[in-house]
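None of the values given here were measured: they were computed from a predicted structure. Computed over heavy atoms, backbone and side chain alike; hydrogens, waters and symmetry mates excluded. In what follows, chains carry the letters A, B, and so on, assigned in the order in which the sequence lines appear, proteins first and then strands, with residues in each chain numbered from 1.
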Amino acid sequence: MYELLSEPIRRYVREKKWDSLRPIQSASIQKVMQSEDNLILASRTASGKTEAAFLPILSRVNFNDPGVQVLYISPLIALINDQFIRVQELCEHLDVPVTKWHGEASQTLKNKLVSDPRGVVLITPESIEAMLVNSEYKAKGLFSNLKFIVIDEIHAFLGTDRGKQLQSLIFRLRQFNTGNVRVIGLSATIGSFEQAKEMVGPVDSTRILRDTTGKEIETEFKYFEQGNLTELPLALLKDLYLSVCNSKVLIFPNARGTAEEVAVKLHKISQKVGGHPYYFSHHSSVHKELREYIEAFAKNNVRYPFAIACTSTLELGIDIGSVDRVVQINATHSIAGLIQRIGRSGRRNDETSKLSLYATDPWNLLQGIACITLFKREGFVEPIEYTEKPYDIFLHQALAQVRQVSECTQEELIHKLSINSSFKFIPPDEMKEIVTHLQQTDLLELIGGKLIIGVEGEKIVNTKDFYSVFQTEPLFKVQVQDKPIGEIPYSYLTKVDQNILLAARIWKIIDIDIRAKRITVIPAMDGKKPVFSGFGGEVHPKIRQEMLRLLITDAEMPPMSEDAAEAIRQLKLEFEHYKIEDFEVDRPLRVQVKDMYWYSFHGTRVNGSLSFLFDVAGITHERWDLESKFKFDAGDFELIIQKAMKAYDVLEPYLVSAVEKDPALLSFSKFGAYLPLKYQVHLVRDKRFDFAGAMDFLSTAHTSSIHTHTNS
DNA sequence: GACCTGCTGCGGACTG
């Protein structure tokens, strides 16, 4: 395939002294050079996807044509800065200018590009939105002669609001391109590609090039019981220290606070025993410059071992080189996330990836094992959840498009939105109803037959927060009387009388000053556990089913420490007498004197929906998601199931009143609150719950009961 | 029991 490349690009490949092109690169070169298809290039991290896209694109495009020829879109500024260096190096051979265009990029260089639009531009979705909304003429001047759009890390957009927005932005860019714009998405290996196809363009002209060769994954599981401790067990930290002190490792503890704890404590142990000082933490609350320093250290350092305790900030494709081992503390919520993390390890191409999972309770251990066994046995990765009717993104894009053209008729607006594939499942009469509602609420205004942004709309559109569709929480200062004790994100859970955990103590909120962003607290008198939860990660039903299978059968388990094996043995003992044959439907029920416990072994969303149905039916219960366990008063369980199923018939009014009473139910959506109520309810139902799944489960579930006389 | 992501255009002060 090398022969298909242009001479300057061949020279680049020769200078790089690569032994050969990677499979994904050869496949991509052929399809980019010899077809007009849109492409999805899917292969694991660090397999040369950027080059796979850019080598043939740069060979094929004539950069003497007017306007920007190639638009590269990335979900992260950090990734743009990272890729800029690589793309620039490639483009030097062709004398093609490369320009970064994001909020932190040089205004001078952006202005220079506007006066002489050429070459390659690296941009974020929000910067595209801002340009379209504020100065359509600029976007037209730059981007009306595009040949290629490259979307990096496209899996990070799939199934998200930001992805829907990006899909719409690509559509809007295509609108003023008369020629064909080809789109190439770069992706990690993911469960399904249908949505990726939707995003890049017409489904039938999109090809998927997939390099499935993965690295071997070597796992070990360890167990250190945490019990009621709020901090990690000392034995875990000591074991972890010994296992990582001479290697380059990433440690993922699932939470920012724990990441800090791990970094600080490992460093302390290292100081005591005269080990290396390279222990870092990397997450969103760590200052940006420090994060960049850590990334550069990891990438450029060859001599020293290091450990970075981090969150998902190090899951995406920023180049930090490769590490020897990845440590996961407790289970991830998704297999997709776990695989991304594991992919960071294995120094050379042919070397195995190494994962150590440290669990602090038996259910987390079981979930971690279930994720790995499912992936290894079936290659299972969660399919992407698809929202057919993203009414809130529709509303955002309606406002954006009116602002983009300053004024247009209602018919023109509806037409633009109707032909936009992002909203193809929203029928025109629903579009009209929403646009009419926007006029009634002064977000839009009809003047002389033309729609313009209304008085209330100006407040939303005329702020820089308008360009992104994801919700962010501002940080609030927390103080006792006048003494500040820290900062927490303000969310719907932050209410007067609510208990919060901060600076290792429990507090009760007595006042919230929204304008001053200040929360006043007093020490909490009751020892009640602070409620921080709400909607955490969602675990897929298949993982829970696999957990049940591992408990009930003598299925082979991956290698684990003696303590881990013992924890699993104990858990299996609890379930050994239930008669579970069909893992889809047979579920354990433990009946005690006063209470009974039912294990659904189902996904987070169905469990939440079951809980809502029990509430509607007036059934008192408690719920634990990790164990997928429900507690009821002892009684007739069949009657509970029947009542819950009947509750489904009267569900709608309960949902409507829940959304009306508690706007927090919609807190996942930045613009949802501006919709008519019925569409708000639809969004809540669609994104938060799975009532169909819950009903399906209730109608088929069988219980296997065991009666005990204790009441522990 | 979570984690993460991004941001215009203008006027005015200041620097070299």
Participant: What is the separation between atom CG on A:N134 and atom P on B:dC7, rounded to the nearest whole Å?
Facilitator: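 The answer, rounded to whole Å, is 13 Å.
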
Participant: Heavy atoms only, 4.0 Å cut-off, all strands: where does A:L626 land among base, sugar-phosphate and nothing?
Facilitator: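 Base, at least one base atom sits under 4.0 Å.
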
Participant: Which nucleotide sits closest to the side chain of A:H333: B:dA2, B:dT5, B:dT8?
Facilitator: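 Taking heavy atoms from C-beta onward, the closest nucleotide is B:dA2.
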
Participant: Indicate whether OP1 or OP2 belonging to B:dG6 is found under 4.0 Å from a side-chain N or O atom of A:K670.
Facilitator: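 Answer no for this pair, as no side-chain N or O of A:K670 is under 4.0 Å from OP1 or OP2.
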
Participant: If only side-chain N and O atoms of A:S127 are considered, is one of them under 4.0 Å from the OP1 or OP2 phosphate oxygen of B:dC7?
Facilitator: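 Yes, such a contact exists.
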
Participant: List the atom of A:A188, the atom of A:A42, and the distance in Å for their closest heavy-atom pair.
Facilitator: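 So the minimum-distance heavy-atom pair works out to O-CB, 4.3 Å.
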
Participant: How is A:Y467 classified with respect to the nucleic acid when contacts are heavy atoms under 4.0 Å: base, sugar-phosphate, or nothing?
Facilitator: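 A:Y467: backbone/sugar contact only, no base atoms under 4.0 Å.
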
Participant: For A:H283 and B:dA2, give me the distance from atom NE2 to atom C1', rounded to whole Å.
Facilitator: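 Taking NE2 of A:H283 and C1' of B:dA2, I get 13 Å after rounding.
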
Participant: Rounded to the Å, how far apart are A:L79 CG and B:dG6 P?
Facilitator: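 Computing the A:L79:CG to B:dG6:P distance gives 10 Å.
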
Participant: Ignoring hydrogens and geometry beyond distance, is a side-chain donor-acceptor pair present between A:K542 and A:Q545 at under 3.5 Å?
Facilitator: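 No, because no side-chain N or O of A:K542 sits under 3.5 Å from a partner of the opposite role on A:Q545.
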
Participant: Rounded to the Å, how far apart are A:L316 CG and B:dG6 P?
Facilitator: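 That distance rounds to 10 Å.
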
Participant: From the list B:dC7, B:dG1, B:dT5, which nucleotide is the closest neighbour of the side chain of A:L76?
Facilitator: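 So the nucleotide nearest the side chain must be B:dT5.
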
Participant: What is the distance, rounded to the nearest whole Å, between atom CD of A:Q471 and atom P of B:dC7?
Facilitator: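 Going from A:Q471 (CD) to B:dC7 (P), I get 17 Å.
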
Participant: What is the nucleic acid contact for A:R291, judged by heavy atoms within less than 4.0 Å: base, sugar-phosphate only, or nothing?
Facilitator: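 A:R291: backbone/sugar contact only, no base atoms under 4.0 Å.
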
Participant: Closest to the A:S135 side chain: B:dG6, B:dG1, B:dG9?
Facilitator: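 Nearest to the side-chain atoms of A:S135, counting from C-beta on, is B:dG9.
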
Participant: Could you work out which one of B:dC3, B:dG9, B:dT5 sits closest to the side chain of A:S312?
Facilitator: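 For A:S312, the side-chain atoms sit closest to B:dC3.
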
Participant: Please state whether the phosphate of B:dT8, meaning OP1 or OP2, lies under 4.0 angstrom from any side-chain nitrogen or oxygen of A:R403.
Facilitator: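 For A:R403, the contact criterion (side-chain N or O under 4.0 Å from OP1 or OP2 of B:dT8) is not met.
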
Participant: A:K138 side chain: which of B:dG9, B:dC7, B:dG1 is closest?
Facilitator: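 Between B:dG9, B:dC7, B:dG1, the one nearest the side chain of A:K138 would be B:dG9.
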
Participant: Taking for each residue the nucleotide of DNA chain B with the nearest heavy atom, is it A:D625 or A:G103 whose nucleotide lies nearer the 5' end?
Facilitator: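 It is A:D625 whose nearest nucleotide is closer to the 5' end.
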
Participant: Has the side chain of A:N330 got a donor or acceptor atom sitting under 3.5 Å from an opposite partner on the base of B:dG1?
Facilitator: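 No pair found.
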
Participant: B:dC4 phosphate, OP1 or OP2: any side-chain N/O from A:T311 under 4.0 angstrom?
Facilitator: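 Affirmative; the distance criterion is met.
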
Participant: Any Lys/Arg nitrogen of A:R172 or A:E129 sitting under 4.0 Å from an Asp/Glu carboxylate oxygen of the other?
Facilitator: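 Counted as a salt bridge, because a side-chain N and a carboxylate O are separated by less than 4.0 Å.
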
Participant: So, are A:K670 and A:D465 salt-bridged, with charged N and O less than 4.0 Å apart?
Facilitator: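 Result for this pair is yes, salt bridge flagged.
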
Participant: Look at all strands and tell whether A:D465 reaches a base, only sugar-phosphate, or nothing, counting heavy atoms closer than 4.0 Å.
Facilitator: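 It contacts base atoms.
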
Participant: Answer yes or no: side-chain N or O of A:H102 and base N or O of B:dG6 forming a donor-acceptor pair under 3.5 Å.
Facilitator: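 It does not, because no donor-acceptor pair links the side chain of A:H102 to the base of B:dG6 below 3.5 Å.
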
Participant: Kindly indicate whether a cation-pi arrangement holds for A:K100 with A:F84, taking the cut-offs as under 6.0 Å to the six-membered ring centre and within 45° of the axis.
Facilitator: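 Judged by the rule, A:K100 and A:F84 form a cation-pi pair.
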
Participant: Within the side chain of A:T124, is there an N or O that forms a donor-acceptor pair under 3.5 Å with the backbone of A:S127?
Facilitator: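 Pair found, side chain donor or acceptor close to backbone of A:S127.
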
Participant: Between B:dT8 atom P and A:E126 atom CD, what is the distance in whole Å?
Facilitator: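 It is 10 Å, rounded to the nearest whole Å.
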
Participant: Report the distance from atom CD1 of A:I123 to atom C1' of B:dT5, rounded to the nearest whole Å.
Facilitator: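 My rounded result for the distance is 16 Å.
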
Participant: Would you kindly give the CD1-to-P distance between A:I77 and B:dT5, to the nearest whole Å?
Facilitator: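 It is 10 Å, rounded to the nearest whole Å.
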
